[in-house]
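Here the structure comes first, spelled out in structure tokens, and everything after it is commentary.
Chain A is the first sequence line, chain B the second, and so forth, proteins listed ahead of strands; every chain is numbered from 1. Values reported hereafter were calculated over all heavy atoms of this structure, with side chains retained and with hydrogens, waters and symmetry mates removed.
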There are 2 protein chains.
Amino acid sequence: MKLSKKSEYGLRALVELTLAHEKTTLQRRDIADRQHIPLEFLEQILLTLKRAGLVSSRRGVNGGYDLIKQPNEITLGQVIRILDGPLAPIGCVSKTAYQKCSDCPYANKTRCPVQQVMGTVRDAIAGILDHYSLADFAAGHPKG
Amino acid sequence: MKLSKKSEYGLRALVELTLAHEKTTLQRRDIADRQHIPLEFLEQILLTLKRAGLVSSRRGVNGGYDLIKQPNEITLGQVIRILDGPLAPIGCVSKTAYQKCSDCPYANKTRCPVQQVMGTVRDAIAGILDHYSLADFAAGHPKG
DNA sequence: ATTATTGTTGATAAACTAACTCTAGATTAT
DNA sequence: ATAATCTAGAGTTAGTTTATCAACAATAAT
């Protein structure tokens, strides 16, 4: 049930970008320094977030990164799904990336005990992370 | 945020042992067949559960495994912690296996946004899994 | 134009983990 | 004895995580 370093770094980077949003852009080095993130790894993460349409970037002198959307329009659930994949503990209860479990012995899937509990767990996790915006996150309080 | 195959198989094996409990013992082959679990991998899992004091075993002809405790005294949280480690998504919010995060830039840990949210997530997961017994689990309904 | 600065991209790789597989041995019932 | 069964741990394979590096492309200032 682990959160990867990638997601952790990604979230921490987005805190910095949220704090800077509409004031200034940040260069990868700024972000890496402030959040103690390995520079080259951060690069990859920012690139992934860029491809996913969360941040914009500009090259060259005075370049840097910026959020594209408003901080209250991005949820932690979105970010973690981009960087780590589905929130669900097991494929067969994922709502964004369902996958049938190949070796499940239960013909009637609603009877599978694992699926039942893990469905509950998934809903609990998603219930938190999909209602928690970057704005909440950077402000450090539990709800907007 | 994944549940490992090890834990999944472990839980499924425990369903069988719960159903058989106080009626008969089960051999690894029975469990493996009914739950489609690779036999040799299952062995390892059962051994871990034995060392942790959840199941007993008897060797030789007519040997097999049995639950030691009553099914309503074992929670899924316990099982998953044994097989997969802490439920917490990140070490610094684990209550059973706390670990300081080495690279956290926040001197005052209560101010770390990641820690805040992930603490909430941990509580949600543990709130479900630590109140869900094997008896509930095998019966296939959400609460005892 | 030139140059320094910054982001972009893809290749590479060490370290780790997951998910098995295998082999040899110990115990027990018959 | 011997066949069935668990015990223990080493070995294997494939994939993931966590980076690191080098070459390239765009931009701004001079």
When you measure from the side chain of B:Val61, which nucleotide among C:dG7, C:dG25, D:dA4 comes out closest?
D:dA4
Length of the NZ-P vector between A:Lys2 and C:dC16, whole Å
16 Å
Phosphate OP1/OP2 of D:dT27: any A:Asn62 side-chain N/O under 4.0 Å
no
Tell me which one of A:Asp123, A:Val121, A:Ile128 satisfies side chain to side chain contact (heavy atoms under 4.5 Å, CB included) with A:Ile125.
A:Val121
Residue met sooner reading DNA chain D from 5', once B:Gln44 and B:Arg29 are mapped to nucleotides:
B:Arg29
Under 3.5 Å: donor-acceptor pair, side chain of B:Asp84, backbone of A:Met1:
no
Return the nearest nucleotide to the side chain of A:Arg59; candidates are D:dA8, D:dC6, D:dA25.
D:dA25
Reckon B:Lys50 has a side-chain N or O less than 4.0 Å from the OP1 or OP2 of D:dT7?
yes
Is any side-chain N or O of A:Lys5 closer than 4.0 Å to OP1 or OP2 of D:dA19?
no
Take a 6.0 Å sphere around CD of B:Gln70 and say whether it holds more than 12 heavy atoms from other residues, nucleotides or ligands.
yes
Starting at CZ of B:Phe41 and ending at P of D:dT7, how long is that distance when rounded to a whole Å?
17 Å
Do the side-chain N or O atoms of B:Ser57 get closer than 4.0 angstrom to the phosphate oxygens (OP1, OP2) of D:dT5?
no
Provide, to the nearest angstrom, the distance between the CG atom belonging to B:Leu26 and the P atom belonging to D:dT5.
12 Å
Between CD of A:Glu40 and C1' of C:dA13 the distance, given in whole Å, is 14 Å
Go through C:dT21, D:dA8, C:dT9 for me and flag the one nearest to the B:Arg51 side chain.
D:dA8
In whole angstrom, what separates B:His36's NE2 from C:dC20's C1'?
18 Å
Ion pair B:Glu8/B:Arg12, N-O distance below 4.0 Å:
yes
Is B:Arg58 close enough to C:dA26 that one of its side-chain N or O atoms is under 4.0 Å from OP1 or OP2 there?
no
Would you indicate which nucleotide in D:dA25, D:dT7, D:dG9 comes nearest to any side-chain atom of B:Leu47?
D:dT7
Could you check whether any side-chain heavy atom of B:Thr25 comes within less than 4.5 Å of a side-chain heavy atom of B:Arg58, counting everything from C-beta outward?
no
Residue-phosphate contact under 4.0 Å: B:Tyr9 side-chain N/O, C:dA18 OP1/OP2
no
Here the distance between atom P of C:dT8 and atom CD of A:Gln27, to the nearest Å, is 12 Å
Whole-Å gap separating P (D:dA8) and CG (B:Leu49):
14 Å
Nearest-angstrom distance from the residue atom CD1 of B:Ile45 to C1' of C:dA18
11 Å
